[in-house]
Amino acid sequence: MYHYESQLNNPKTNYFIIDSSSSPSHNDVDFKYYSYQNKSNKQLHSGDLIIYRRSGSASEWGNEFYLYGAAELGKVVREDPENGSSLIAIKNPYLFSHHLMKQNLRTFDWKFRIFKGKWSNFFNMNGITQISKEDFIGLLDRQKDMTPSESNLSSEEESIAIKCYQAERMEAYFINDEVKATPTYDAVNKFFSDKVKFNYHYKSALVANNDESELIATRIIPWNVNKNIRLDARNGICLSKMFSKAFTEGYFTFSDQGHIVLSTVVSDDSETNKLLNKYKNRKIYMNKEYSPNKKYLQYHREHIFRR
């Protein structure tokens, strides 16, 4: 859970949505450092609270912006007098349980500015948009409301979730069962679950199901099998609950091309068998960047698929 009580109770705290590309060329590292032009942007101060936004131009989601985390601004750690930029440290980072996309914000009651139905020019072009305290709290509540079944994490677990996010961006997928005596499973699941669902646009890979409460980020290779791939979102497929259970139990698998392959062993559940037969010719969309790793699919076919 996020912990910003002291900042929220401080009348001097300001609130912002900031654009971050998490790009080395901009010296931005999500949830660690933020670089900005101090000559033109004088409003940022230590102790202020921010919401992270990925702009459409930097988005992985078809040029659509999204909000994905919150944090407190720390102290300036470096200034460059030549180009007028400052590098500020980030404190108390918090990874959203659910990316907030345009579709999740259309009914949001903004206070800092009237939303007239179009997003163009709604956020400032300089990447720093001051919002109200009500907006900041409302956005935190909105992302939490999107995942009502998710349990609250401790501050130690939230910190692990942030490290998972940062490690995955560096293609480092290993994590142990514990970090400094704190179990990692729930923290990893927070990151992994939303990352996989985000990759599949919060839709099932197999059926036209927009009911997010029915979706599960399903691991291809189980958690306990390989610690080296626990953070790899390409070890996940977004499936509806019944498909997820059948896939995990080996009643169907996928070819390298994404086609469903049904087991000759039928489930004890007649509804599961009926569902699988209905979609036996279905193929998941194999996105070049986010589709399942073929080595993981091979493992599933050889070790989990029932023959």
> Counting only N and O atoms by type, is there a donor-acceptor contact under 3.5 Å from the side chain of Asp28 to the main-chain atoms of Ser35?
Replying inline: yes
> In this structure, are over 12 heavy atoms from other groups packed under 6.0 Å from Arg306 atom CZ?
Replying inline: yes
> Do Phe192 and Tyr185 make the cut of ring centroids closer than 6.0 angstrom?
Replying inline: no
>> Do Val225 and Phe305 sit in one hydrophobic cluster, given that two such residues count as connected whenever their side-chain heavy atoms are within less than 4.5 Å of each other, even indirectly?
In response: no
> Does one hydrophobic cluster hold both Val261 and Leu275, with members joined at side-chain heavy-atom distances below 4.5 Å?
Replying inline: no
>> A side-chain contact here means heavy atoms from C-beta on lying under 4.5 Å apart; do Phe65 and Leu105 qualify?
In response: yes
> Does Ile216 belong to the same Ile/Leu/Val/Met/Phe/Trp/Tyr cluster as Ile304, with side-chain heavy atoms less than 4.5 Å apart forming each link?
Replying inline: no
> Under the 3.5 angstrom rule, does the side chain of Asn277 hit a backbone N or O of Lys274 as a donor-acceptor pair?
Replying inline: no
> Got a donor-acceptor contact below 3.5 angstrom from the Glu64 side chain to the Lys102 backbone?
Replying inline: yes
> What is the distance from atom CZ of Arg53 to atom CG of Leu139, rounded to the nearest 0.5 Å?
Replying inline: 12.0 Å
> Does Arg282 count as lying over the ring of Phe252, i.e. NZ or CZ under 6.0 Å from the six-ring centre, within 45 degrees of the axis?
Replying inline: no
> Does Leu95 reach the side chain of Cys164, with side-chain heavy atoms less than 4.5 Å apart?
Replying inline: no
> How long is the span from the OG1 atom in Thr218 to the CG atom in Leu239, to the nearest 0.5 Å?
Replying inline: 4.0 Å
>> Assigning hydrophobic clusters by single linkage (Ile, Leu, Val, Met, Phe, Trp, Tyr; side-chain heavy-atom cutoff under 4.5 Å), is Ile17 placed with Phe108?
In response: yes
> Can any side-chain N or O of Thr184 pair as donor or acceptor with the backbone N or O of Asp177 at less than 3.5 Å?
Replying inline: yes
> Would you say the ring centroid of Tyr52 lies under 6.0 angstrom from that of Phe96?
Replying inline: no
>> Can you tell me how the ring of Phe191 sits relative to the ring of Tyr165, calling it parallel under 30°, perpendicular over 60° and tilted otherwise?
In response: perpendicular
> Do Asp194 and Tyr202 come within less than 4.5 Å of each other through their side chains, counting heavy atoms only?
Replying inline: yes
> Which pair of non-hydrogen atoms, one from Val196 and one from Ala217, has the smallest distance, and what is that distance?
Replying inline: CB-CB, 3.7 Å
>> Given 3.5 Å as the limit, does a donor-acceptor pair link the side chain of Asn235 with the main chain of Asp232, or not?
In response: no
> Is the number of heavy atoms from other residues, nucleotides or ligands within 6.0 Å of OH (Tyr33) greater than 12?
Replying inline: no
>> Between Arg301 and Asp256, does the salt bridge (Lys or Arg N to Asp or Glu O under 4.0 Å) criterion hold? Intermediate values first, please.
In response: CA-CA 10 Å; Arg301 290 194 297 267; Asp256 284 349; 3.0 Å; yes
> Any donor and acceptor pair, going by atom type alone, linking the side chain of Arg230 with main-chain N or O of Ile175 inside 3.5 Å?
Replying inline: yes
>> Please give me the minimum heavy-atom distance between Tyr200 and Ala205, naming the atom from each residue.
In response: CE2-CB, 3.6 Å
> Arg54 side chain to Ser20 main-chain N or O, any donor-acceptor pair under 3.5 Å?
Replying inline: yes
> What are the two closest non-hydrogen atoms of Gln7 and Tyr15, and how far apart are they?
Replying inline: O-OH, 3.8 Å
> Parallel, tilted or perpendicular: which fits the ring planes of Trp110 and Phe112, with parallel below 30° and perpendicular above 60°?
Replying inline: perpendicular
> Should Lys144 and Glu150 count as an ion pair when the cut-off is N to O under 4.0 Å?
Replying inline: yes
> Are Arg113 and Asp135 within salt-bridge range, i.e. N to O under 4.0 Å?
Replying inline: no
> For the residue pair Phe122 and Phe115, does the interplanar ring angle fall in the parallel (under 30°), tilted (30 to 60°) or perpendicular (over 60°) class?
Replying inline: perpendicular
> Once you round to the nearest 0.5 Å, how far does CD1 of Ile237 lie from CG of Leu297?
Replying inline: 6.0 Å
>> Can you give me the closest heavy-atom contact between Ile160 and Thr182, atom names plus distance?
In response: CD1-CG2, 3.8 Å
> Quick one: are the ring centres of Phe247 and Phe254 less than 6.0 Å apart?
Replying inline: yes
>> Rounded at 0.5 Å granularity, tell me how far CG in Leu73 sits from NZ in Lys91.
In response: 10.0 Å
> Would you say the side-chain atoms of Arg234 pair up with the backbone N or O of Ser291, donor to acceptor, closer than 3.5 Å?
Replying inline: yes
>> Is any side-chain heavy atom of Lys227 closer than 4.5 Å to one of Asn176?
In response: yes
> Side-chain heavy atoms under 4.5 angstrom apart, residues restricted to Ile, Leu, Val, Met, Phe, Trp, Tyr: same cluster for Met146 and Ile137?
Replying inline: yes
> Would you call the rings of Tyr34 and Tyr36 parallel, tilted or perpendicular, where under 30° means parallel and over 60° means perpendicular?
Replying inline: parallel
> With a 4.5 Å limit on heavy-atom distance, are the side chains of Glu168 and Lys195 in contact?
Replying inline: yes
> What are the two closest heavy atoms between Gly236 and Ile220, and how far apart are they?
Replying inline: N-CD1, 4.2 Å
> Can you tell me how far the CG atom of Asn124 sits from the CD1 atom of Ile18, to the nearest 0.5 Å?
Replying inline: 13.0 Å
> Going by heavy atoms in the side chains, are Val266 and Leu276 under 4.5 Å from each other?
Replying inline: no
>> Do Thr13 and Leu8 have side chains that approach each other closer than 4.5 Å (heavy atoms only, starting at C-beta)?
In response: no
> Within a strict 4.5 Å, meaning less than it, do heavy atoms of the Leu206 and Phe243 side chains meet?
Replying inline: yes
> Could you give the distance from CG (Asp109) to NZ (Lys111), rounded to the nearest 0.5 Å?
Replying inline: 3.5 Å
> Just checking, is any N or O donor in the side chain of His98 or Thr147 under 3.5 Å from an acceptor N or O on the other one?
Replying inline: no
> Any sub-3.5 Å donor-acceptor pair from His201's side-chain atoms to Asn199's backbone N or O?
Replying inline: no
>> Is it the case that the side chain of Asn14 and the backbone of Asp48 share a donor-acceptor pair, with hydrogens and angles ignored and the cut-off at 3.5 Å?
In response: no
> Below 6.0 angstrom between ring centroids: does that apply to Phe198 and Tyr68?
Replying inline: no
>> Tell me the closest heavy-atom pair linking Lys190 and Ser97, and the distance in Å.
In response: CE-OG, 3.5 Å
